[in-house]
Amino acid sequence: MATAGLRDSNRDTAGDFIGECSVTQSCEPCMKNNVSKTSTVFCKDCDEFLCDACKNPHTVYKAGKHDIVKCQDSKSLPAGVDMKGLEICQEHGMEIYFFCHDHSKLCCSKCVLTHRKCDRMDEIVTAFEQKRPDLQAVKQSLIKFQSEADAIIEDCKHAESGLNDSIAKISSEADAMRDRLIKLYEDAKQKLLSEAKQFQTLEVRGIGNKLDETSNVKEEINKEVSMCCSVLDRGTPAQKYIYAMKIKEKLNTIESNLNKQHCINSSSSMTVSFPREITTLLEMGNNFIKLNCDGNKTVETSGIILPSQPWPLSLELLVSVDLHKTGDDDGEPSMTGLDFLPDGRLVAVDNKNKKCIILDERLQRLGTPYKFKAHPHSVVCVSHDALCVTFGGSVCLFSLSTDNTIRLAREMITTSKFDSICCISPSQMAASTYDDPRPARVLSVDGVESDFHQLEFWNKTYEYLESKCTYVQAKNMLVLTDRLAHTVYVYDTVKGTSRVFTNEKIQEPRGACVGPGDTVLVCSTANNSIVRLSVDGDLMCTYPVDMKYPESMCVSKDGTRLAVSNTAKGARKLNVYKMSPAMS
């Protein structure tokens, strides 16, 4: 340890002349040789006091620039500064005179006792001479930090001002969105009421015609009842026989007229339905508007975010039934066509046994199954009381009453062989074909066939069960599956463009339907699963189903249930799943 003792620094050995208020400084190089000489000059660059004898060697032999001033020029000499207590030891409250190199610690006279075993302990002035600190670099660093602090303060003020402005902007955007929603709702309401009044006018006209025809038939019946009673009570045997023979033809006419009136559907009520997106929005409560806090300020986004992408979906099995042959069946049921009615009833067509079945939410039969004359392929509910069923070369419209009675309304012979069928609008349907170079066509409820003229299909003719279709009404998108090519085609019927989906998760795609959020659900038959696709080209998710070879499916009108049937021999099922937004 250095043995400099507790004496003051070299510069403090100068004599003080109180009367003259003057201070003399010793020559620092001489002091290093234990010689005490009064300094006459001061090197401002080296911060060192010198005598006349040491001045010349200092400027000649010591590298660097030397700004030499006389000690009498007090304005040029360092006068010392108020250190604000920095020169005081925090532990002992005494002035700092030493520096311990071993511990890199500034020490007072009491600290020296603690560090007496340290190898390197120097006075402050000695330590300063050994390694002069680069205070200019420290100054530049402080200036730099000062500038950075100013910038941070300015950022804080800017951020605070921006937050104040954002409050007003958020309020304005929220009000604008509210106004848009209200206008959209009012426009939709007016459109709904207009459509309802048009429908009412048509229905009232139809009901009036039906009433007039039925009243005429009833009037004829009343006449015949009176005649029949007279002949029965007072007629001779010959008259009774003649009347009995004559009335047969008239009875057939009366029955035919009544059946004709039965087949004319008359609506007694109208209901309104809302898309699943609206009910989901209501379920979200006041959380449907999200605050977008962009801390790093790298993305410009709106403060109001409404769902633009389809939400994640979860499936929960609600009910499953095994499909077995019953007493009057020809074989194991094969539900090749499914669709939900607006009230939640499920309509299924059994291709093997030529039946149409109405089922409740627990998949229990309602009413008596309708027996077809041919094998049905698919079914679509065109209204709350009307069904359309494909039979290959023909399509039939059926009426459905509230007591689940099915009646044939009209049979339409078609030029194309149709398989799957779905609605484009209340009056038009899209249907996939087989043995036809046009893989999909348009069919009206009046039986008029037409083509998707704006679409250019792949040059391919499918055989039966090789392709099925669905139609996304909100996007004007026609979807076709290609079972053998493991491909799904999506056609924009307005722009005439198309997209092709291929993925290892799409294997032998069969039935397809529109899912929540205007997405597409496709049966990946070979994978025993259902895949969910967006019309923009993304495979969103895959859902394994508890059955082999899923083939047909449909989604309820409120978007909350999914019905799926399969074709596995000996293990045929009909499952209904609950669909709900997946928890993130």
Side-chain angles (χ1 to χ4, degrees), residues 80-91 93 96 103-106 131-188 274-314 474-475 515-519 532-541 559 580-584:
V81 297
D82 182 2
M83 295 291 285
K84 309 294 184 182
L86 293 176
E87 76 279 17
I88 303 301
C89 174
Q90 297 297 316
E91 184 177 357
I96 295 170
H103 296 94
S104 296
K105 184 178 180 180
L106 295 166
K131 186 178 181 181
R132 292 176 180 252
D134 189 357
L135 291 181
Q136 285 295 335
V138 172
K139 178 181 177 181
Q140 292 301 319
S141 295
L142 288 172
I143 292 173
K144 177 185 175 184
F145 294 152
Q146 185 181 48
S147 177
E148 291 180 2
D150 289 340
I152 292 173
I153 291 171
E154 185 62 28
D155 284 344
C156 291
K157 292 180 179 178
H158 179 73
E160 185 176 1
S161 175
L163 288 173
N164 292 332
D165 294 341
S166 295
I167 293 295
K169 184 179 179 182
I170 286 173
S171 178
S172 176
E173 289 184 359
D175 290 343
M177 183 60 71
R178 176 201 61 201
D179 295 341
R180 286 176 59 190
L181 291 174
I182 291 174
K183 184 179 184 304
L184 182 65
Y185 180 85
E186 290 298 328
D187 290 346
F274 297 92
R276 179 59 185 169
E277 290 85 348
I278 297 296
T279 57
T280 300
L281 197 65
L282 294 175
E283 290 171 2
M284 293 174 67
N286 58 8
N287 292 321
F288 81 97
I289 300 178
K290 297 296 183 182
L291 181 65
N292 200 31
C293 302
D294 187 14
N296 56 20
K297 298 181 176 62
T298 58
V299 181
E300 290 292 331
T301 57
S302 170
I304 296 178
I305 300 176
L306 292 178
S308 59
Q309 297 296 325
W311 58 83
L313 194 66
S314 66
K475 302 289 186 179
D518 298 321
T519 56
R532 187 185 187 203
L533 309 173
S534 73
V535 294
D536 295 324
D538 297 323
L539 191 152
M540 301 178 63
C541 197
S580 57
M583 299 299 292
S584 58

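Owing to the predicted nature of the structure, the values given are computational and were not obtained by experimental measurement.
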Engineer: Can you sort out the partners of Asp179 under side chain to side chain donor-acceptor pair (under 3.5 Å), two or more places apart, ordered by chain and number?
Structural biologist: none
Engineer: Evaluate salt bridge (Lys or Arg N to Asp or Glu O under 4.0 Å) for Asp165 paired with Lys169, printing each intermediate quantity in order.
Structural biologist: CA-CA 6 Å; Asp165 294 341; Lys169 184 179 179 182; over 6 Å; no
Engineer: To check you understand the geometry: which heavy-atom pair defines the closest contact between Cys89 and Ile96, and what is its length?
Structural biologist: N-CG1, 3.8 Å
Engineer: Quick one: side-chain contact (heavy atoms from CB on, under 4.5 Å) partners of Leu163, sequence neighbours excluded?
Structural biologist: none
Engineer: Determine whether more than 12 heavy atoms belonging to other residues, nucleotides or ligands lie under 6.0 Å from atom CD of Gln90.
Structural biologist: no
Engineer: When rounded to the nearest 0.5 angstrom, what is the spacing between OG1 in Thr519 and NZ in Lys475?
Structural biologist: 10.5 Å
Engineer: What residues, two or more places apart in sequence or in another chain, satisfy side chain to side chain donor-acceptor pair (under 3.5 Å) together with Lys144?
Structural biologist: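 With neighbours one apart ignored, the set is empty.
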Engineer: Could you measure the distance from the CE atom of Met177 to the OG atom of Ser172? Nearest 0.5 Å is fine.
Structural biologist: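 One finds 11.5 Å between CE of Met177 and OG of Ser172.
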Engineer: Excluding sequence neighbours, so at least two apart, what forms side-chain contact (heavy atoms from CB on, under 4.5 Å) with Gln146?
Structural biologist: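 Partners of Gln146 under the side-chain contact (heavy atoms from CB on, under 4.5 Å) test: Asp150.
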Engineer: Who pairs with Ile182 by side-chain contact (heavy atoms from CB on, under 4.5 Å), at least two apart in sequence or on another chain?
Structural biologist: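 With neighbours one apart ignored, the set is Arg178, Glu186.
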Engineer: Looking only at atom types and distance, does a side-chain atom of Ser314 sit under 3.5 Å from a main-chain N or O of Ser580, one as donor and one as acceptor?
Structural biologist: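 Side chain of Ser314 to backbone of Ser580, a donor-acceptor pair under 3.5 Å: yes, one is there.
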Engineer: Answer whether the closest heavy-atom distance between the side chains of Ile167 and Ser171 falls below 4.5 Å.
Structural biologist: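 Side chain of Ile167 against side chain of Ser171, heavy atoms only: no contact under 4.5 Å found.
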Engineer: For the residue pair Met83 and Glu87, what are the closest heavy atoms and their distance?
Structural biologist: CB-OE1, 2.8 Å
Engineer: Who passes salt bridge (Lys or Arg N to Asp or Glu O under 4.0 Å) against Glu91, sequence neighbours left out?
Structural biologist: Lys105
Engineer: Tell me whether Ser166 contacts the main-chain N or O of Gly162 through its side chain, where contact means a donor paired with an acceptor under 3.5 Å.
Structural biologist: yes
Engineer: For Leu313, give me all partners under side-chain contact (heavy atoms from CB on, under 4.5 Å), at least two apart in sequence or on another chain.
Structural biologist: Trp311, Pro516, Arg532, Tyr543, Met579
